[in-house]
Every structure is written in C-alpha cells, then in structure tokens.
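The chains referred to below are lettered A, B, ... by the order of the sequence lines, with proteins before strands, and numbering in each begins at 1. Please read all numbers here as calculations on a predicted model, not as lab measurements.
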There are 2 protein chains.
Amino acid sequence: MIDNAILKNVAKHISLDQDETAYFLSILKQKKYPKKSNILKEGEICHTINFVQSGTLRAFYRDTEGKESTIMFAISDWWITDMSCFISQQPAMLNIETIEESTIFHLQKEDLDELYIKIPKFERFFRVIMQNAYIREQLRVIQNLSLSAEQRYHIFLNKYPQVAQQVTQKQIASYLGITPEFLSMIRSNKNK
Amino acid sequence: MIDNAILKNVAKHISLDQDETAYFLSILKQKKYPKKSNILKEGEICHTINFVQSGTLRAFYRDTEGKESTIMFAISDWWITDMSCFISQQPAMLNIETIEESTIFHLQKEDLDELYIKIPKFERFFRVIMQNAYIREQLRVIQNLSLSAEQRYHIFLNKYPQVAQQVTQKQIASYLGITPEFLSMIRSNKNK
DNA sequence: GCAATTTCTTAAACTACATTATTTTTTTAG
DNA sequence: CTAAAAAAATAATGTAGTTTAAGAAATTGC
C-alpha cells in the first residue's frame with residue numbers, strides 16, 4: 001500500500017479496522033509538489049490539514065515590513081497547517097511552502113469534521129496530536145523567554161538535525177528569532 | 001449545584017447526560033487554596049489537570065540562575081497544568097501557584113485516562129481544549145518572534161485586562177520576557 | 001498600626017542582538 | 001556551462017533591552 005506512512009502514523013495512537021481504514025484513505029488527497037511550491041498563502045482560507053509523506057515544508061509568518069518568522073518546519077511523518085485559521089476558517093496568517101519536492105496528504109476541514117462523527121476514535125488521535133503540538137509550542141515559549149540565541153541554536157541542532165541540514169541558515173535564523181548575520185557570528189564563534 | 005462553572009465549561013463542547021455528569025463530578029476533587037499556595041513545584045510529579053473555579057493562578061519556569069519566566073496565568077474557567085509532565089508523568093519543569101485565594105477542581109491522571117474510556121466524548125472535549133491551547137501558544141511564539149516588548153505589552157493588556165489588574169508588574173514582565181525595570185520604562189513612556 | 005519586606009521607579013553603564021554595507025561563496029535557471 | 005540571483009561571512013555602527021544601584025511607594029506580617 002502506498003499510503004503506508006500515514007497509516008503507521010495513525011496507528012501510533014489508535015487502531016482502525018479494514019472499513020475504517022478504507023474510509024479514512026478515501027477522504028485523503030495525495031499530491032506531489034515540486035520544490036518551493038506554495039501550499040498555503042496568507043490571506044487565503046486554509047482548507048486542509050496536511051500530512052507530510054515525504055519532503056520538507058516550512059510555515060512562516062510575514063510581518064508588515066516583510067520580515068519572516070519561521071513558525072515550524074515539517075518533515076516526513078509530521079502534520080502541518082495554520083491551525084488557527086483551519087479551525088476558524090478565517091484568512092490564514094501563515095504561509096506554508098515546500099523546501100524540497102514533497103508528497104502531501106491533504107485532509108479537508110469538512111471531511112475531518114465528518115470523520116470525527118463517523119469514527120470517533122479520531123477525536124482521540126487528534127487529541128494526542130494537538131496535545132503534543134501544545135507541549136512543543138509551550139516548550140518553545142519557555143526557551144524563547146529564558147535562553148540566549150546561541151543556546152536556542154544548539155538545542156535546535158540537537159532536536160532537529162535532519163531539518164538543520166535541509167534548510168538555509170536564513171531560515172534557521174528566522175526560526176530562532178535572530179538575523180542571519182547574527183547566526184553567522186554564533187556559528188563562527190563555535191568553530192573556534 | 002455548586003459545580004456549575006466546570007459543567008458549563010464542559011458543556012461548551014460536549015453534552016453529558018445525568019449519569020455521565022454524575023460520574024464526571026465523582027472523579028473531581030474540589031479544593032480551596034489561600035493566596036500564594038503552591039499547587040505544583042518543579043521536580044514533583046504532576047498528578048492532576050486543574051480547572052479554576054475561582055481565583056487566579058500562575059505557572060512559571062525558574063531557570064538555573066533563579067530567573068522566573070511566567071508561562072501562563074489562569075483565571076476562572078481556565079484549565080491549567082504542566083501538560084508535558086502531566087502526560088509523561090516525569091518531574092515537573094513548572095511551578096504553579098495561586099496569586100489569590102482560589103478554588104480548584106483537580107482531575108487525576110488515572111481518572112482522566114479512565115474517563116476517556118468510559119465516556120469517549122471527553123476525547124472530543126480535551127481535543128478542543130488542547131487545540132485551543134496549541135493555537136494560543138503558537139500565536140505567542142509568533143508575537144515573541146515578531147513584535148517589540150512594547151507591542152507585546154499592549155496586546156497583553158487588551159487580551160487579558162482582568163489578569164493585568166490582579167498580578168504584579170514583575171509577573172507581567174516575566175510573562176513578556178523582559179525585566180520589571182524595562183516594563184516600568186515602557187509604561188512611563190506610554191503615559192506621556 | 002508599625003516595621004519589614006517586596007514592588008515600582010528612575011537613571012547610568014552595559015550587552016546581546018539588529019542594521020547597514022561590502023565581499024565571497026553557493027545555488028539556480030536557462 | 002555560464003550569468004544572475006540568493007545565501008553566507010565579516011565588520012562597523014546602532015539600539016532594544018539588561019544590569020546595577022538607590023530611593024520611593026505599596027504590601028505584608030505580626
């Protein structure tokens with residue numbers, strides 16, 4: 001089955017029988033994107049929650065002066081969307097783009113709402129996904145408040161080594177909340 | 001019924017019949033705490049998720065040099081815990097204390113795990129709670145990365161006006177990730 | 001109700017990080 | 001394969017926020 005990765009991901013938290021599996025697969029839309037594709041642009045309505053089958057994605061906020069802040073990177077086996085705007089169906093704050101050629105499973109808002117009703121186990125599944133996402137973001141808040149840029153950089157390298165090799169330093173800097181120039185300085189200090 | 005607030009809170013997202021309501025209430029432990037009580041200390045196992053019936057609480061991280069970072073405030077109708085440590089049952093990173101006399105409903109980890117099985121609707125309830133918590137924390141990350149301390153302060157005042165009046169400026173500063181001295185400066189500039 | 005403690009303010013000196021500018025290196029497109 | 005564009009490095013100058021210190025105001029504990 002080509003859908004292996006997403007079924008394994010779901011199986012981490014709930015188990016589905018054959019019919020449930022078939023139904024779940026039936027509402028997913030698999031799509032392949034070249035490098036630098038836009039999955040979501042700010043201002044658009046965010047229709048889908050997205051599972052990364054393969055590739056690398058980046059979600060970022062662009063402020064009024066054009067400065068970008070990277071909110072998250074997503075690699076294989078991660079879910080990514082602009083959750084706030086997906087849930088409220090208000091215009092997106094975030095942009096989501098592929099950093100490399102990527103294969104994505106899309107799950108539409110209406111299909112997810114129906115999925116919760118037809119297969120309530122998915123409430124559990126997404127409860128765990130949301131819980132983990134909350135814990136991750138809260139840890140990031142703690143680190144942003146209490147650590148220096150250099151400490152945050154080393155934590156990032158340890159936590160997401162594969163991501164660190166696939167993205168530019170400019171993008172890492174925008175994830176850490178510093179300028180590329182300052183990241184460059186941190187890196188050159190370190191190598192001494 | 002004295003438990004009104006928590007039942008109303010649950011009713012925002014799911015509806016319970018009489019038996020379900022009775023069972024849910026039976027696993028809650030209501031407790032009243034004076035001002036400045038410790039609900040959770042770093043290093044302890046976090047046994048409960050907590051609903052604030054009345055009062056004000058603060059969750060904060062204390063780093064190795066003793067510097068505090070306020071992670072969240074909770075007032076009436078909010079849920080608060082060290083989610084990471086509650087879920088994993090590892091020693092807590094956070095401290096949680098009452099800022100005022102507060103009445104709390106405690107829900108034990110084992111009781112919650114059983115509640116999910118006995119009344120699966122609660123998966124939906126906490127899915128929504130976690131989803132909202134995730135969205136809130138992500139917004140905070142965006143704001144910490146892209147806004148100045150002064151902008152964050154004004155957003156805080158607008159978003160949590162009741163909290164702003166109940167807590168000290170030192171605590172607000174530690175929520176914003178700045179020193180009390182700098183907050184004082186921001187405030188005196190503003191009043192011109 | 002008063003002494004002790006904590007909080008808040010102000011201000012000068014300092015630092016982590018930003019900005020601007022220039023050069024070098026790497027990546028991309030055709 | 002080459003030209004153009006983007007990313008990265010280096011360095012000088014600038015600034016948002018910190019540190020330290022000291023006095024004034026508010027809160028707390030007995």
Side-chain angles (χ1 to χ4, degrees), chain A residues 33-38 56 58 60 62-70 73 95 97-101 141 143-157 163-192, chain B residues 33-38 56 58 60 62-70 73 97-101 143-157 163-192:
Chain A
Y33 293 90
K35 204 177 214 184
K36 291 193 181 168
S37 309
N38 289 105
T56 308
R58 181 173 80 105
F60 62 97
R62 193 187 283 114
D63 75 11
T64 41
E65 277 110 43
K67 199 189 99 192
E68 292 183 3
S69 299
T70 295
F73 296 105
N95 302 275
E97 61 179 31
T98 58
I99 284 177
E100 303 184 324
E101 178 178 279
V141 168
Q143 291 173 349
N144 284 348
L145 293 181
S146 64
L147 301 179
S148 69
E150 182 163 5
Q151 290 172 308
R152 271 142 50 211
Y153 174 58
H154 293 130
I155 290 173
F156 176 78
L157 287 185
V163 174
Q165 285 173 327
Q166 282 165 26
V167 306
T168 63
Q169 282 169 223
K170 198 182 163 188
Q171 291 168 339
I172 294 175
S174 92
Y175 179 88
L176 298 174
I178 60 176
T179 57
E181 291 83 355
F182 190 60
L183 177 56
S184 181
M185 215 197 78
I186 289 173
R187 284 164 49 84
S188 67
N189 288 342
K190 202 229 170 150
N191 296 333
K192 279 170 193 165
Chain B
Y33 294 90
K35 205 177 213 185
K36 291 193 180 170
S37 310
N38 288 105
T56 308
R58 180 172 81 105
F60 61 96
R62 193 187 283 116
D63 76 10
T64 42
E65 277 110 42
K67 199 189 98 192
E68 293 184 3
S69 299
T70 295
F73 296 106
E97 62 179 31
T98 58
I99 284 178
E100 303 184 323
E101 178 177 280
Q143 291 173 348
N144 285 347
L145 293 180
S146 64
L147 301 179
S148 69
E150 182 162 6
Q151 290 173 307
R152 270 144 47 211
Y153 175 58
H154 293 129
I155 289 172
F156 176 78
L157 288 185
V163 175
Q165 285 173 328
Q166 284 166 24
V167 307
T168 63
Q169 283 168 221
K170 196 182 165 188
Q171 290 168 340
I172 295 176
S174 92
Y175 179 88
L176 297 174
I178 60 177
T179 57
E181 292 83 355
F182 189 59
L183 177 56
S184 181
M185 216 197 79
I186 288 173
R187 284 164 48 84
S188 67
N189 287 341
K190 203 231 170 146
N191 295 333
K192 280 173 192 164

Could you tell me how far apart [X] ([atom1]) and [N] ([atom2]) are, to the nearest whole angstrom?
{"X": "A:I178", "N": "D:dG17", "atom1": "CD1", "atom2": "P", "answer": "16 Å"}
{"X": "B:N189", "N": "C:dT9", "atom1": "CG", "atom2": "P", "answer": "12 Å"}
{"X": "B:R187", "N": "D:dA25", "atom1": "CZ", "atom2": "P", "answer": "15 Å"}
{"X": "B:Q171", "N": "D:dA26", "atom1": "CD", "atom2": "P", "answer": "18 Å"}
{"X": "A:L176", "N": "C:dC17", "atom1": "CG", "atom2": "P", "answer": "10 Å"}
{"X": "A:E68", "N": "D:dA7", "atom1": "CD", "atom2": "C1'", "answer": "14 Å"}
{"X": "A:F182", "N": "D:dA8", "atom1": "CZ", "atom2": "P", "answer": "17 Å"}
{"X": "B:I99", "N": "D:dT28", "atom1": "CD1", "atom2": "P", "answer": "12 Å"}

Seminar exercise, completed: Assert: residue with more 5' nearest nucleotide on DNA chain C, out of A:E181 and A:R152, is A:R152
NA contact type, [X], heavy-atom cut-off 4.0 Å: base, sugar-phosphate, or nothing?
{"X": "B:K35", "answer": "sugar-phosphate"}
{"X": "B:T179", "answer": "base"}
{"X": "B:T168", "answer": "sugar-phosphate"}
{"X": "A:K67", "answer": "nothing"}

Problem set entry | Candidate list A:K35, A:R58, A:K36, test salt bridge (charged side-chain N to carboxylate O under 4.0 Å, His left out), partner A:E97, passing option | A:R58
Problem set entry | End-to-end axis angle, where each axis spans five pairs of the helix from C:dG1-D:dC30 to C:dG30-D:dC1, to 10° | 70°
Is there side-chain contact between [X] and [Y], with heavy atoms separated by less than 4.5 Å?
{"X": "A:R152", "Y": "A:I178", "value": "yes"}
{"X": "B:P180", "Y": "B:Q169", "value": "no"}
{"X": "B:T70", "Y": "B:V167", "value": "no"}

Problem set entry | Single hit among A:Y153, A:F73, A:F60 for ring pair (Phe, Tyr, Trp, His ring centres under 6.0 Å) with A:Y175 | A:F73
Seminar exercise, completed: Residue pair B:L183/B:K36 against DNA chain D: nearer the 5' end by closest nucleotide is B:L183
Can you figure out which of [options] approaches the side chain of [X] most closely?
{"X": "A:A149", "options": "C:dC17, D:dA16, D:dA8", "value": "C:dC17"}
{"X": "B:S184", "options": "D:dA8, C:dT9, D:dT18", "value": "C:dT9"}
{"X": "B:Q169", "options": "C:dA18, C:dC8, D:dA9", "value": "C:dC8"}

Exercise. B:A173 and B:L183: which non-hydrogen atoms are nearest, and at how many Å?
Worked result: N-CD2, 3.8 Å
Exercise. Quick check: does any side chain N or O of A:T98 sit under 3.5 Å from a backbone N or O of A:P34, one acting as donor and the other as acceptor?
Worked result: yes
